[in-house]
Each structure stands twice: as C-alpha cells, then as structure tokens.
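The structure under discussion appears below in the form of structure tokens.
Chain letters run A, B, ... following the sequence lines, proteins first, then strands; residues in each count from 1.
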2 protein chains.
Amino acid sequence: MLSDRKEKILAAVVEQYIKSGEPVGSKSLLESLPMKLSSATVRNEMAELSSMGYLSQPHTSAGRIPSHSGYRYYIDNLMGTRELDEQSRKKIESAIGSNTDPDKLLSTAGEVLAELTNCATLSTTPAGETTLIKRIEMVPVGTRTAMLVLLTSTGILKSRICRSEFELTVPLLESFYNITSSQLVGKPLCDVNIATMQTLAASVGADAFAMLPFLASIADLAKDASQADILLEGQTNLLNYRELEENAYELMEFLRKGEPLGSLISSSKSDVNVLIGEENKFRQLQNSSLILAKYSVGGHESGTIGVIGPTRLDYAKLIPSVRYLTDLVGRLLTKAIDEE
Amino acid sequence: MLSDRKEKILAAVVEQYIKSGEPVGSKSLLESLPMKLSSATVRNEMAELSSMGYLSQPHTSAGRIPSHSGYRYYIDNLMGTRELDEQSRKKIESAIGSNTDPDKLLSTAGEVLAELTNCATLSTTPAGETTLIKRIEMVPVGTRTAMLVLLTSTGILKSRICRSEFELTVPLLESFYNITSSQLVGKPLCDVNIATMQTLAASVGADAFAMLPFLASIADLAKDASQADILLEGQTNLLNYRELEENAYELMEFLRKGEPLGSLISSSKSDVNVLIGEENKFRQLQNSSLILAKYSVGGHESGTIGVIGPTRLDYAKLIPSVRYLTDLVGRLLTKAIDEE
DNA sequence: GTTAGCACTCTAAAGCCTTGAGTGCTAACT
DNA sequence: AGTTAGCACTCAAGGCTTTAGAGTGCTAAC
C-alpha cells in the first residue's frame, strides 16, 4: 500500500514516539532511519503521511504523532512478530508457577502482566455455561446449618454456609444426596436455576420446605461458578501516564464498574485483539488502547486476558507478552483438568 | 483550655474549611459565627490561635487553615457526638442486609462506607489466632485428588483442591478422618503448622507419605483462615481531592501493598481512632487522615474498619458512620456465631 | 476590650515578550 | 523527476511584568 520509504518512516515515527512520548520532528528522525536522507525529504514524506491520515500534529509547528490509523498500519504491517524475550518469559513462569486453582492462577496472571507492562490488566476466570457439575457436598455444621460445596469439571470450587429453619435430619440429608447425585451431578451449570430447584424440592414431598433453601443455595453456587469474574490489577499504574492524567478518575471508575467490559471481552476474536484509542466504542476508553486475547481450556475459548494503557503502548513487546501468557494459562488449566 | 470565644472561632474555621477547601478569612467567617463581632476582633483571635499552633497560613496574606492540632482540638473538644443521620443508616443497613459470610460482609461494609464517605476504606476480615477449628472435611474428587474444607468457629470457610502422588484409598481416608477429628478439630488455628503436621503424619506409619500433602494443605488452610485479609475499597475516590493529587500514585501504591497497614491497624485502640496528617508514622500517609475502629465478635476485638481520605474530612459525620458500621458488623457476626 | 481605618503583603490571573523547535514552500541541484 | 539547501513563518512553552483582590497586622479612636 505505502511505498517502502514511507513505511520505514512511519515505523520510525511510531517507535520513536512510543519511546519518548514527544512529537517527532523530521530532524530527530534522521538518526533512527536506516537510509540517508535530508530532513527536507523526510518532511515531504511526513506531510504526505499526514494527509493520508497516518500521522497527525498537535499543532502546526510541532512534530508528528501517529494517528490511530498510523498505529493500526504499524501493527498490522510493519511490526513483525518478535518473540518474547527470555527475561520476561522467566518472570511470567516463575510468578505463575504450576498453580492449578483457576481463580488464583488468573489473578496471578493479571498481577505479573501488570508488573511487566506497567499498565492495568484484566483477566477473567474461565467461564462455562456449559461446564458440568462434578460434585455436590452438604456437610452439617450445626443443628440447622450446613456447609454446601460445589465442584465443577473445570476445577472451580465454590462453597457457602446455609442456614435452615428446620432441623437437619438424617433422612433429609439422604434425600438431598439422592436428589443431587441423580438430578444435578453431571448436568451443565446453566441447567441449574431457581425454577428447576423448586420443582426438585417439590418432588421430595413433606420435606420440601426444609430442602428448598439448600437447593436454592446450590443454584446460587452454580450461578457463581458459571459466571466469569473480571479481575483487575495494576490500575494505579495508569496514574503514571501524563496523557491519561486528565481522565484518570473516569477511566478507573469505568474499569472498576466493569459491566461494560463484559461485552467488550466477549466480542473479541480469537487471536490477539488490539483496540486503539477511538476504535473503542466506549468514550471512557478512547484515550486508551486495549490488547485482549482469549485463552482456551480443553479446546474451548474460556476466558480473556488483556492490557489497558495509553495509546502509546509498546505493542511490539506487549502483544507477544499477552499471547505468551494466554497460551501458558490455557495450557496449565487444560493440564489441570486432564490430570484427574 | 481555650476561651469560649476562641473555641467558637476555631470550630467555625474547621467547619468552614472542611466545607470549602479554601483558606478561611476573618470576614467570611463572621457569617458563620454565632455572636456579633467585627472582623478585626476575629483577626486578633485568629492571630492568637495561629501562634498557639491551632491554625496556620499557607502564606502571609491568605486566610487560615486548621493545623493538625487544630483538627485534633476540634475533634476532642468541640465536635460533640452527632448521631448518624437516618438516611446514611438506612443505606448502610440495606447494603449489608443480614449477610453472615464474614468475607462478603466485610467487603460490602467497605464498599458502602466508601460510597457514603467518598473516600477509600479498608476493612479486615475477623482475625483469630485463637479461633478454633470447627470442622475438617476431605472429599475425594478423583483417584488422586481431594477437596479439603476447613471451617472455623467464627464461620470462616476455606477450601482447596489437593493432589497427591498416591492413590486415595479408603483406609487413607479413614485415617485422615481419625487424625483430624481427634487431633485437630477443636484446637486453635495457631496450633496448626507444618511442623505439627509432620509429626502427625509420621504417626500413621506406612501411609505417612500419602498423608502429608493433605495435612500440609490443612495447615495452609488454617494459616489462611487465621490471617485477616485487608480489603480496600473506593481507592479511586481519592483522585477527587486536589490536596492529594500530587501524591495520589504514591498513596494508592502504599495502600495497595498493604503490609504496613497491618501494623497500623493492630496498633489502634478500641474506640474510634483518628490519625490526622502528620500524626501518621508513614510518610505516604502524612497528607491524609485515617479513621479506624475495631469491631468485636463475641466479646473479642476481631477486626478493623477504617476510612482514608484527605485531612480535610467531615469528621463529625464520618466518625459516627464508622462507629455505627463497626457496631453493626460486630453484632451481625456475633449473632451468626451464636445462632448455631 | 472592641472596632474602624489604612498601609502592606502576597498569590493568582492576565498579558506580553522571547526562544526555539519544527514546518511548508521555493528554487537550485543531480 | 526526485532530492536538498535555504528561508520565512508558526506556535507552544517559559519567563517576566502588571494588575486585582483577598486578607493581614497594626494603630488610634471609641
């Protein structure tokens, strides 16, 4: 699309701007160009790149900064795919260890990525509407109180204490065991809801009233387990970027609330996904860039890991980082499931 | 200590400054004073309050702002103890509900307090070195994998999945049950550590190797359950205070790291505790004020709830809020324990 | 003891100037 | 035709000065 020389110049502008954060002038660009040119020639080329929409100027007499399409062209055509450097890889691996608890694993993943990138990160725990219930346990801990435990086929463990109005009798426990093991274990999480629980409770006859709160709790746990948590880390890192300072509060509140993030996450495609500045549909994110990637557990896309920072991100380093991390997380979680 | 008139003037300065955030001049103060005076007289009094150390001036020709001792005097002698207004009380109660899961309860408490005060809040889950183990369960979920569950007398529930090198046999499960129910249940959490577990494991003879990882996990869970988590909420609120802007990053990182907060929390006395600006021993907090209070579960001080904000806090409102919330949390958690 | 009056202080905001990096254009050069 | 030197022009950023106004401390009268 662009001439070879224009591409080289665009790449140099992007890379220099990412490093310095200052608009890049024609003169200072000469040093980082592979060929010998005068500043005048570079100026001409830059003027053309500007009119093509790849570069922009904060004001007439300033240097150029990459526009949103400039970054886009750079990422899609010029950047190449660097391998992640040894050091970062080591750091990630040693932080993650061989953790197999999904919640913990994803939060550590977020932490290490935040530290590595100096950005905010998000990570979601493996979702699974289609995940199966592996086990349900009810352990009495008082005359009217029991501990309920739910374990899924993806290794997610949820538990809760539940109180009842009625005394826990042995027959009650037995019929709870019968119902759950015959009707619930092995079923997908999404099949379990308050309505099905009511019909199940009704089926035990006289004990229905005593049974219902426990079954309802199970439905709660199932809902909990099927919903992906969105974990945020390193939000404070965002305070270090001058270009975000103005909207720091707004941005961080947007992230904290998290709801709209859900839709964002689910809409992303399967490989690494980059959204630059205005490409984001949410106003609060339009000064920022997102790098999102999905990880797969057992062949199914299950969750997302991502980085949030200013548009001036070191994409050439961060994209491999995110890709590497999602691969690793996917592999570990898949292994954890296979092992049992 | 101070003349009646000086007290009235000091109180007015503090209150007006808390509202406006601007240094308070003698003239604008007249309106909020209960008695009729000229600005000159007020000026004389303010000059004296300054030389006594209760007020200070950003520069010679500016109004006065309360010094750290000014706030202190106000809080200790002038503020009075307002009741918490109906509206806030309602808000707190409806947010908290009748939640009985300690972790959840404390995090909601932090959230609602943050919303109410527009500050950052911290809350700790009930600690308990002396808490007793109420129940231990081991549920096999695979040939070599089991789910371990630990429940404490204070209602804290911790669970984890544990893998072993060896197959899970019925005798192994039985001897695990025997050991835990005879040696661990009923004991305080602090008695359970890796060393005691090793001796326990050794006592089962041939199965020691298979047993150890599970017992070690129990020790882990016990440690987890005995340590109070420090929960932070509403950190982004701090970005709205101009006087904190400069150190926002430093302050938020300090809070995030959290370690030093531990010592701070444990050193506080039993009623509501206020630390104003320089009274804090940590540099990062010296532009901020803390309001901390402990809640008691079953007669023992178990955890802390607190507010972190600029020195210019509405103490007269926040102190009752924190007191009310700690009382409520203490009551709910105590009730939860008594009920079973 | 209180107050009116006044000279004084000092910041914040506004305006002005200077500097310098960077531009676009033109005309000469290869 | 493509490249380059040269030059006039632009504009933000920083420094300096001015102005306005809020607030003070002090003195002398009440």
From the options A:Glu278, A:Gln286, A:Glu279, select the one residue that forms a side-chain hydrogen bond (donor to acceptor under 3.5 Å, both in side chains) with A:His68.
-> A:Glu279

Atom-pair distance (NE2 on B:His59; P on C:dA12), nearest Å | 6 Å

Base, sugar-phosphate, or nothing: which does A:Ser39 touch, judged by heavy atoms less than 4.0 Å apart?
-> nothing

Does CE belonging to B:Met35 count more than 12 external heavy atoms closer than 6.0 Å?
-> yes

Interatomic distance where CG belongs to B:Leu49 and C1' belongs to D:dT24 [whole Å] = 15 Å

For A:Gln57 and B:Asn44, take the nucleotide of DNA chain C holding the closest heavy atom to each; which residue's nucleotide lies nearer the 5' end?
-> B:Asn44

Rounded to whole Å, the CE-P distance (B:Met35 to C:dG1) equals 15 Å

If pairing means Watson-Crick or G-U wobble with both distances under 3.5 Å, then the partner of C:dT18 is D:dA13

Separation of C:dT23 atom P from A:Lys27 atom NZ, nearest Å, is 11 Å

Whole Å only: how far is the CZ atom of B:Arg43 from the P atom of D:dA28?
-> 16 Å

B:Arg64 and B:Ser56 side chains, donor-acceptor separation under 3.5 Å | no

Paired with D:dC30: which nucleotide, if any, by Watson-Crick or G-U wobble criteria at under 3.5 Å for both distances?
-> C:dG1

Kindly say whether the aromatic ring centers of A:Tyr315 and A:Tyr74 come within a distance under 6.0 Å.
-> no

Residue mapping more 5' on DNA chain C - nearest nucleotide basis, B:Thr41 or B:Pro58 = B:Thr41

Any idea which of C:dT9, C:dT23, C:dT3 is nearest the B:Ser61 side chain?
-> C:dT9

Send over the distance from B:Met46 CE to D:dG23 P, rounded to a whole Å.
-> 9 Å

Test side-chain contact (heavy atoms from CB on, under 4.5 Å) applied to A:Ile265 and A:Asn273, A:Thr124, A:Leu290, the passing residue | A:Thr124

Quick one: B:Lys36 NZ to C:dG1 C1', roughly how many Å, whole number?
-> 17 Å

Under 4.0 angstrom between A:Thr60 side-chain N/O and C:dT23 OP1 or OP2 | no

Over how many whole Å does the gap from A:Arg64 atom CZ to C:dG22 atom C1' extend?
-> 9 Å

